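Just below is one structure, and these are the notes that go with it.
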Amino acid sequence: MNIKNKKLLPKNWFFKLLFSPIIQLITNPFYLLVSIYKSIYLIAKNGKNSYSMWNSNAAFLVYFYHRSTFLFKKYGRKGYAYEMGDGNFFLGNLFHYSSISLKLFKSSTNLTLIISGLITFFLHFIWFGIE
């Protein structure tokens, strides 16, 4: 094995690689239950107003989608926005935002998240039907 720094490689890397599917089958249900328990505990203890997703400060994120949609309409995908960043922001850096997703998030953020999450969830069942 030709590795420059062998300290970066874990001690039992072959064992972990070989048995990782079995280890994941054992550990993932445990981590899922712990995550659900902690989420319920957080919401029940502090109330839903203190949980970050229901915080009123998160409402300011909606204006990001309004501003991005406006800037894409005004300057185009390859333009420079003088209202963003230090004043000379290349909008091509926001390549991962499509105009459809920005408009959907601008009009109804919560509904878009719920529907896209359900679509992603149900698309996993397509693979179970293929033999």
Side-chain angles (χ1 to χ4, degrees):
M1 181 181 311
N2 189 7
I3 296 178
K4 292 180 181 179
N5 192 354
K6 291 188 179 184
K7 292 180 182 178
L8 296 176
L9 195 64
K11 291 182 180 178
N12 303 325
W13 67 272
F14 184 74
F15 175 77
K16 289 180 180 180
L17 180 67
L18 185 65
F19 293 108
S20 73
I22 297 170
I23 293 170
Q24 294 297 318
L25 282 174
I26 295 169
T27 58
N28 279 353
F30 172 73
Y31 291 140
L32 177 67
L33 291 175
V34 169
S35 175
I36 291 172
Y37 172 75
K38 287 184 177 181
S39 298
I40 290 172
Y41 178 75
L42 179 68
I43 293 171
K45 180 181 176 192
N46 298 329
K48 69 179 186 179
N49 290 332
S50 64
Y51 190 58
S52 64
M53 293 305 292
W54 290 295
N55 194 348
S56 61
N57 293 333
F60 289 111
L61 294 175
V62 173
Y63 293 113
F64 169 78
Y65 300 108
H66 287 272
R67 184 186 63 188
S68 299
T69 307
F70 171 72
L71 292 175
F72 281 137
K73 279 184 183 177
K74 186 174 180 182
Y75 298 113
R77 183 63 73 169
K78 296 182 180 179
Y80 287 89
Y82 300 101
E83 298 93 349
M84 194 170 181
D86 290 334
N88 197 12
F89 186 79
F90 179 58
L91 290 175
N93 292 337
L94 301 176
F95 63 91
H96 51 282
Y97 293 117
S98 65
S99 61
I100 295 171
S101 68
L102 285 173
K103 288 176 184 174
L104 285 173
F105 271 97
K106 179 181 162 185
S107 62
S108 58
T109 306
N110 293 333
L111 186 64
T112 304
L113 287 174
I114 291 170
I115 290 175
S116 61
L118 288 173
I119 289 171
T120 305
F121 176 73
F122 286 116
L123 282 177
H124 285 87
F125 292 110
I126 293 175
W127 297 105
F128 295 127
I130 298 174
E131 295 179 8

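Quick caveat: nothing in here was measured; it's all calculated off a predicted structure.
- Leu71 is not listed as a side-chain neighbour of Phe89, based on a closest heavy-atom distance of 4.5 Å or more.
- Nearest heavy-atom pair across Leu91 and Ala81 is CD2-CB, 4.0 Å.
- Of the possible polar contacts, one joining the Ser116 side chain to the Thr112 backbone as a donor-acceptor pair under 3.5 Å is found.
- Rounding to the nearest 0.5 Å places OH of Tyr80 at 8.5 Å from CG of Asn93.
- Counted by atom type alone, Glu83 and Tyr75 present one or more donor-acceptor pairs between their side chains at under 3.5 Å.
- Within a 6.0 Å radius of CD1 in Ile100, no more than 12 heavy atoms belonging to other residues, nucleotides or ligands are found.
- Atom-to-atom distance recorded for Leu118:CG and Leu113:CG is 11.0 Å, nearest 0.5 angstrom.
- To the nearest 0.5 Å, the span separating NZ on Lys103 from NE2 on His66 amounts to 13.5 Å.
- Aromatic rings from Phe64 and Tyr97 are positioned such that their centres are separated by under 6.0 Å.
- At a threshold of 4.5 Å between side-chain heavy atoms, the hydrophobic network of Ile, Leu, Val, Met, Phe, Trp and Tyr places Ile26 and Ile23 in one connected group.
- A donor-acceptor contact shorter than 3.5 Å is absent between the side chain of Ser68 and the backbone of Tyr65.
- Both Ile114 and Phe121 belong to a common hydrophobic cluster when Ile, Leu, Val, Met, Phe, Trp and Tyr are linked at side-chain heavy-atom distances under 4.5 angstrom.
- Transitive grouping of hydrophobic side chains (ILVMFWY, heavy atoms separated by less than 4.5 Å) keeps Ile115 and Leu104 in distinct clusters.
- Of the possible donor and acceptor atoms, one in the side chain of Arg77 sits under 3.5 Å from a partner among the backbone N and O of Leu94.
- Here the CG-OG distance, from Asn28 to Ser35, works out to 11.5 Å after rounding to the nearest 0.5 Å.
- Linking Ile, Leu, Val, Met, Phe, Trp and Tyr whenever their side-chain heavy atoms come within less than 4.5 Å leaves Ile22 and Leu25 in two separate clusters.
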